[in-house]
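Quick notes on the structure that follows.
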Amino acid sequence: MTADGEPKSLSEITKGLGLNMSDVAAFSGLDESTIFRLWDNTEWLDRVTGRSLQSLMSSVPGIAEYSMAHAIRKRRDVLVGDLHREGLTVDLAALEGSDVTQQHLLNALEAALHIVRGEATQKTSSFIARFWGREQDRALEALYSTQPGSGLLNDPQVLFDSSIDLAPRLNRKTYSFHSILALNILTHQVSKVTGALEADLGFEVPGRQTAFMMRGVVMGSLISSNDIELAERYRKELDATPVYAALEEWAFPTYTRDGRISSDFTLPSSLSLRNTATEVLREIAVYNDAYLYYLVSTYIPLALKRDPAFGGKITELIQAIELRGADCRDRRIRQTCNVLVRRLKGIA
């Protein structure tokens, strides 16, 4: 078996094990006639039944690994070809070298195909909405990345343009949960790379769509621009607009799977933010000062109202904020960090 899933016959896979056709039949419990039909056929995976494949996978070393690798390779090749015809070239080295699971990355490539084809359908909204989550988001980050060697596409400009064109067309209904999530996800990824703000993207959408899209755009812009004033404007907007604060509180716990993704954007009254705490600690360490200011001035105080124990990581949170805050040049950020640390020490 080759590690990359290159088509191989059953006889080639088992040759290195010293197994012949009768051995495979005996170990798997399948008729020798069944093994005979598959033995020298490089397309045997397309011909074997599910039950027979399970028997082979559980009894012959290498079959399970080959089956998965081949399935991934086959889907990858189809997606690479389809994207190439749409003007996007996949960086295979980046795809194979990524530490994100290949299945998530292939799902991201399929999302790119929907986007560049301009498919403003319910199916597209539903598919993109499934990327609300940390691991799925990492795959989209790789898809939209412009960094050579880590971005899945050699030149993602066509994807950027197509995303901006498609996003507002996904909101034809007055209210659609999947379209709200999809719009947030698309605008977040574009703004994270380009720094474009909501007004620059030119979207006009009502109600919760506006609130959640604004959050996606602001988070992306903070990461790309390190704009502290943007973080402050967002904080004031949340203070003045209850629906914005409710969506902000909902976002992290559902993104990290502390809470169930709910179409009414509500959370249970009792909720431990264990996964959220881990993610926030990671973000404190890796993101810029403006994003840190957003966390300490806006999200963490809001999260503490839901879970005063912050997933059991108050001590780690204090240490992380003290460490980052000490390095910040902006006095406002340092002061905000100090105020929050004093509050947290009162809880600990």
Side-chain angles (χ1 to χ4, degrees), residues 3-7 68-171 178-179 181-197 200-203 213 216-217 219-221 223-224:
D4 62 0
E6 183 95 20
M68 183 176 75
H70 179 72
I72 289 174
R73 169 69 177 263
K74 188 174 182 179
R75 185 186 180 202
R76 185 199 76 179
D77 290 349
V78 170
L79 287 169
V80 168
D82 288 344
L83 287 167
H84 182 73
R85 284 185 284 274
E86 299 295 337
L88 291 172
T89 302
V90 176
D91 184 338
L92 294 179
L95 176 63
E96 294 170 358
S98 174
D99 61 353
V100 180
T101 59
Q102 289 290 295
Q103 291 90 335
H104 281 319
L105 293 175
L106 294 183
N107 291 340
L109 291 179
E110 185 169 339
L113 196 58
H114 288 298
I115 293 167
V116 296
R117 286 176 172 173
E119 298 172 348
T121 64
Q122 183 177 355
K123 180 181 178 181
T124 297
S125 290
S126 179
F127 190 82
I128 295 174
R130 313 295 171 176
F131 286 86
W132 183 255
R134 173 60 189 152
E135 288 307 306
Q136 299 93 313
D137 187 46
R138 291 182 65 212
L140 281 186
E141 286 177 355
L143 178 69
Y144 280 85
S145 174
T146 58
Q147 295 298 318
S150 60
L152 298 184
L153 302 174
N154 286 333
D155 182 2
Q157 187 61 49
V158 172
L159 178 65
F160 298 161
D161 296 340
S162 298
S163 298
I164 293 173
D165 177 68
L166 177 65
R169 295 192 290 118
L170 294 176
N171 281 274
H178 282 160
S179 67
L181 280 183
L183 181 60
N184 171 276
I185 289 166
L186 289 181
T187 54
H188 174 69
Q189 293 298 335
V190 172
S191 63
K192 185 159 55 177
V193 175
T194 66
L197 296 177
D200 300 325
L201 296 176
F203 298 153
M213 182 188 73
V217 172
M219 294 304 106
S221 297
I223 293 170
S224 65

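In this text the structure is predicted, and so the values were computed from the model without any measurement.
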So H70 and P7, do their side chains get closer than 4.5 Å, heavy atoms only? yes
Shortest non-hydrogen contact between G149 and D91, atoms and distance: N-OD2, 4.2 Å
Verify side chain to side chain contact (heavy atoms under 4.5 Å, CB included) between R73 and D77, making sure each step is shown before the conclusion. CA-CA 6 Å; R73 169 69 177 263; D77 290 349; 3.1 Å; yes
Does anything in residues 96-121 pair up under ring pair (Phe, Tyr, Trp, His ring centres under 6.0 Å), and if so which pairs, sequence neighbours excluded? H114-F127
Locate the shortest heavy-atom distance separating H188 from I223; write the atom from each residue and the value. CE1-CD1, 4.4 Å
Can you name the closest pair of heavy atoms from P156 and S145 and give their distance? CG-O, 3.8 Å
E119 and R169, any side-chain heavy atoms less than 4.5 Å apart: no
Supply the atom-to-atom distance L186 CG to L159 CG, rounded to the nearest 0.5 angstrom. 8.5 Å
Would you say Q102's side chain and L95's backbone share a donor-acceptor pair under 3.5 angstrom? yes
Between R75 and L106, what is the shortest heavy-atom contact and its length? NH1-CB, 3.6 Å
Passes side chain to side chain contact (heavy atoms under 4.5 Å, CB included), L109 versus L88? Steps please. CA-CA 10 Å; L109 291 179; L88 291 172; over 6 Å; no
How long is the span from the OG atom in S125 to the CD1 atom in I185, to the nearest 0.5 Å? 10.0 Å
Heavy-atom distance under 4.5 Å between the side chains of I115 and I128, does that happen here? yes
Scan residues 150-159 for pairs that pass side chain to side chain donor-acceptor pair (under 3.5 Å), counting only residues two or more places apart or in two chains. Q157-D161
What's the shortest heavy-atom distance between L166 and G118, and which atoms? CD1-C, 3.9 Å
Mind listing the closest non-hydrogen atom pair of L140 and A108 along with its distance? CD2-CB, 4.2 Å
L113 side chain reached by E86 side chain, heavy atoms, under 4.5 Å: yes
Check E141 with R138, please: is the shortest side-chain N to carboxylate O separation under 4.0 Å? no
Between CG of D137 and CH2 of W132, what distance do you get to the nearest 0.5 Å? 8.0 Å
To the closest 0.5 Å, what do you measure between CZ (R117) and OG (S162)? 12.0 Å
Between S224 and S221: side-chain donor-acceptor atoms closer than 3.5 Å: no
For R130, what residues pass the side chain to side chain contact (heavy atoms under 4.5 Å, CB included) criterion, not counting sequence neighbours? S126, H178
Do D165 and F160 come close enough that some side-chain heavy atom pair is under 4.5 Å? no
Please assess F131 against N107 for the test side chain to side chain contact (heavy atoms under 4.5 Å, CB included), listing each intermediate value before the final yes or no. CA-CA 9 Å; F131 286 86; N107 291 340; 3.8 Å; yes
Inspect the contact between R76 and E96 and indicate whether a charged nitrogen and a carboxylate oxygen are less than 4.0 angstrom apart. yes
Say you draw a straight line from CG of N184 to CD of Q189; how long is it, rounded to the nearest 0.5 Å? 9.5 Å
L153 vs T89, side chain to side chain contact (heavy atoms under 4.5 Å, CB included): CA-CA, chis, key distance, verdict: CA-CA 6 Å; L153 302 174; T89 302; over 6 Å; no
